[in-house]
Amino acid sequence: MTPHSTFLKTLAERGFLNQCTDQSGLDEYAQTNKIVAYIGFDCTADSLHVGNLISIMMLRHLQQTGHKPIVLLGGGTSKVGDPSFKDEARKMLSLEQIEHNKQGIKKVFEKFLTFGDGPNDAIMVDNADWLDHLNYMAFLRDYGIHFSVNRMLSFDSVKMRLEREQNLSFLEFNYMILQAYDFAELNKRYNCVLQMGGQDQWGNIVNGTDLTRRVNHKHVFGLTSPLLTMSDGTKMGKTERGAVWLNADKLSPYDYWQFWRNASDADVGTLLRFYTELPISEIAQLEKLEGNQLNEAKIILANEATTLCHGIDAARHSFETAKKVFEEGGAGGDLPSLEISMNDLEKGLSFIEALKQIGFVESNGEAKRLIKGRGARVNNNVIDDEAYHLSTKDLIDGSIKVSAGKKHHGVIVVKN
RNA sequence: GGAGGGGUGGCCGAGCGGUCAAUGGCAGCAGACUGUAAAUCUGCCGACGAAAGUCUACGAAGGUUCAAAUCCUUCUCCCUCCA
């Protein structure tokens, strides 16, 4: 079925649609109403990462097609922990940790959404606002009555735990109840009619729509996005060096740009559709490129994705730096850098120490291996002497370029 | 509550008194080839040390032994079967 509403059409053609509780109903609603929709974000880390980006993009498309997004921070539910598809209980987060994480996560949304008081401005709410003050008895009587334990046990998301006879605490078991309650509460407060999320949230989302229907007597919708896997079978956003964070203080815009630039050929089209806002027709053209021409598409992908997350200037700088480094063999301002005083440089700086301090390696041993393997370079020249010391004679225009492998470059600059 | 099996490096998984910093696979890093891609091939893959070597590590704590991931005791967690 081809959707008619701009919102669903956009999601459909870019690949965001996985499951929907009532797609034609939602489509119809979207054509005549302003949808108020939300996605919840757990406060399990102090920054979101590209794995969360698909949800953020959904909210962005929602807003851009004239509807109202709600960002729901899981300040309350994170105190419980989502057991979905986890084979073990997650470590309990301390209240301080949750608060810290919440602050870190908040920042990123402003990049993607417009917040304010206007009719389709985004708002951000925290479910701790209502969950923290629930009255247990009242809650049980008003809401507990609507949940069937038999049914909850049948959800795939908890089955794994049960089948492996691994403990599922009552605390965690309540997660889905609380999340369902969120929907009912948001519906009451903001006339929110749609919850979106990743495929793994389907069970939780369905619970929410059911509960809202029962207690508020409102017909509301749920919609999930597919779980993105890359052509090599890995989950989107998993890299050797850990998560690809969205906060600049956890991952520099330059590295973020590099992440996209290093996408596999086979994934370029998919990534462009999900993580940029280029028109579908243009993406189709880019996807057709072959051989090393596809690199142009990857650059566009990196520029677009970085612009969304870190702004156009950051994207441009990253691009310029990459160009200087990879095409001209030079160095650029956005590379990881290390400052050293002229005095110290004159005394000599151990190459191993430099590699460590700039963050390319974590131990002396690793540095030595890199050097032995002929992967370490100073000003593009391979250095295979472990005892090499950097000195003033390595200076070129006041800086020294240090590389670890073909991809990791940094500069040592002399400060006065 | 009873009986049995098991917890080994980021993951999987060998080892079952010395030759074990621990086979192998995956993941990762580097090199070659390329296009900052994929595939392939090669090397590396605990920390400190220039090195000799030292330290930390095989669920936890004790013990036996010249010597323990390997044997014994207690504890702990997981799995299978029985009640």
Side-chain angles (χ1 to χ4, degrees), chain A residues 86-91 160-169 229-244 252-272 286-303 305-306 315 318-332 334-336 348 350-353 355-356 358-378 380-389 401-410:
Chain A
K86 309 275 183 342
D87 53 2
E88 264 171 44
R90 180 160 42 212
K91 280 196 195 79
M160 183 195 296
R161 288 280 271 281
L162 296 174
E163 276 167 10
R164 299 185 58 182
E165 294 190 23
Q166 271 166 347
N167 184 54
L168 174 66
S169 69
T229 46
M230 298 291 91
S231 56
D232 58 3
T234 57
K235 242 197 227 170
M236 165 68 190
K238 290 282 178 219
T239 69
E240 62 284 357
R241 295 204 171 203
V244 180
S252 75
Y254 172 75
D255 285 331
Y256 189 77
W257 194 93
Q258 285 294 324
F259 165 74
W260 298 102
R261 173 63 183 83
N262 280 300
S264 296
D265 285 10
D267 297 325
V268 173
T270 310
L271 295 176
L272 282 167
L286 288 171
E287 235 179 336
K288 277 194 207 136
L289 295 173
E290 287 188 4
N292 61 8
Q293 291 205 316
L294 203 48
N295 284 335
E296 290 307 313
K298 291 183 192 178
I299 289 171
I300 291 170
L301 170 65
N303 282 339
T306 307
S318 301
F319 167 69
E320 295 295 338
T321 297
K323 190 172 173 186
K324 271 187 216 149
V325 172
F326 289 96
E327 291 175 26
E328 297 157 21
D334 279 13
L335 293 178
S350 130
F351 187 34
I352 289 176
E353 195 53 36
L355 288 168
K356 250 188 345 191
I358 219 158
F360 291 153
V361 296
E362 305 219 315
S363 67
N364 292 356
E366 205 182 321
K368 287 181 201 171
R369 273 175 242 134
L370 183 70
I371 294 170
K372 239 184 273 173
R374 301 183 62 78
R377 274 161 295 165
V378 170
N380 300 330
N381 301 313
V382 171
I383 299 293
D384 55 8
D385 174 11
E386 289 175 10
Y388 189 80
H389 274 65
K401 183 183 177 191
V402 173
S403 312
K406 267 186 299 191
K407 291 192 187 173
H408 305 290
H409 305 277

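The figures that follow rest on heavy atoms only: side chains count, while hydrogens, waters and symmetry mates do not. Below, chains carry the letters A, B, ... as their sequence lines are ordered, and counting in each starts from 1.
When heavy atoms are screened at a 4.0 angstrom cut-off, A:K298 is found touching base atoms of the nucleic acid. Among the atoms of the strands shown, base atoms are found under 4.0 Å from some heavy atom of A:G291. Contacts of A:K368 with the nucleic acid, taken as non-hydrogen atoms under 4.0 Å apart, include base atoms. Within the 4.0 angstrom heavy-atom criterion, no nucleotide atom of any strand lies near A:A376. No engagement by A:A266 is indicated, since no non-hydrogen atom pair under 4.0 Å with the nucleic acid exists. Base contact: A:W257 has a heavy atom under 4.0 Å from a base atom.
With P as the reference atom, B:rC20 and B:rG46 are 15 Å apart, rounded to whole Å. Nucleotides B:rG15 and B:rG24 are separated by 11 Å at their C1' atoms, to the nearest Å. To the nearest whole angstrom, the two P atoms, one in B:rC66 and one in B:rC77, are 35 Å apart. B:rA47 sits 25 Å from B:rA61 when the C1' atoms are compared, rounded to a whole Å. The gap from the C1' atom of B:rA21 to that of B:rA68 amounts to 15 Å, rounded to the nearest Å. The gap from the P atom of B:rU19 to that of B:rA67 amounts to 14 Å, rounded to the nearest Å. For the P atoms, the distance from B:rC16 to B:rU23 is 14 Å, rounded to whole Å. Here the separation of B:rG7 from B:rA37, taken at their C1' atoms, is 41 Å to the nearest Å.
Ring planes of A:Y256 and A:W260: perpendicular class, angle over 60° (limits at 30 and 60°). Using cut-offs of 30° and 60° on the angle between ring planes, the pair A:Y388 and A:F351 is perpendicular. Between A:F326 and A:H409, the two ring planes are perpendicular [angle over 60°; tilted spans 30° to 60°].
A donor-acceptor pair under 3.5 Å is formed between the side chain of A:E366 and the backbone N or O of A:E362. For the pair A:D384 (side chain) and A:R374 (backbone), a donor-acceptor distance under 3.5 Å is absent. Checked by atom type and distance alone, the side chain of A:N380 pairs as donor or acceptor with a backbone atom of A:G329 at under 3.5 Å. In this structure, A:K401 contributes its side chain and A:G330 its backbone to a donor-acceptor pair below 3.5 Å.
Applying the 4.0 Å criterion to OP1 and OP2 of B:rG46, one finds that A:R369 has every side-chain N and O outside that range. Taking only side-chain nitrogens and oxygens, A:K407 never comes nearer than 4.0 Å to OP1 or OP2 of B:rG31. Contact annotation: A:S363 does not reach the phosphate of B:rG46 (side-chain N/O to OP1 or OP2, under 4.0 Å).
Checking B:rC48, B:rG35, B:rA30 against the side-chain heavy atoms of A:N292 singles out B:rG35 as nearest. Comparing B:rU36, B:rC29, B:rC48 by their nearest atom to the side chain of A:N364 picks out B:rC48.
Atom CD of A:E296 is separated from atom P of B:rU36 by 11 Å (rounded to the nearest Å). Atom pair A:R377:CZ and B:rU36:C1' shows a separation of 12 Å (rounding to whole Å applied). Rounded to an integer number of Å, the gap from CZ of A:R374 to C1' of B:rC33 is 17 Å. Following rounding to the nearest Å, A:F319 (CZ) and B:rU36 (P) show an atom-to-atom distance of 14 Å. For the pair A:L355 CG and B:rC29 P, the interatomic distance rounds to 16 Å; values are reported in whole Å. The interatomic distance linking A:F360 (CZ) with B:rG28 (C1') rounds to 17 Å, in whole Å. If you take CD1 of A:I371 and P of B:rG43, they are 21 Å apart, rounded to a whole angstrom. In this structure, CG of A:D265 is placed 11 Å from C1' of B:rU36, rounded to the nearest angstrom.
Across all strands shown, B:rA50 forms no Watson-Crick or G-U wobble pair with both distances under 3.5 Å. Pair check for B:rC16 finds none; no Watson-Crick or G-U wobble contact set falls under 3.5 Å. Across all strands shown, B:rC33 forms no Watson-Crick or G-U wobble pair with both key distances under 3.5 Å. Nucleotide B:rU80 forms a Watson-Crick or G-U wobble pair with B:rA3, both donor-acceptor distances falling under 3.5 Å. Base pairing of B:rU70: no nucleotide in any strand meets the Watson-Crick or G-U wobble criterion (both distances under 3.5 Å).
Tested against A:K298 for a side-chain hydrogen bond (donor to acceptor under 3.5 Å, both in side chains), the candidates A:N303, A:D267, A:D265 yield a single pass: A:D265.
Side-chain atoms of A:Q258 come within donor-acceptor range of the base of B:rU36, with a qualifying N/O pair under 3.5 Å.
The residue among A:K406 and A:G375 whose nearest nucleotide of RNA chain B lies closer to the 5′ end is A:G375.
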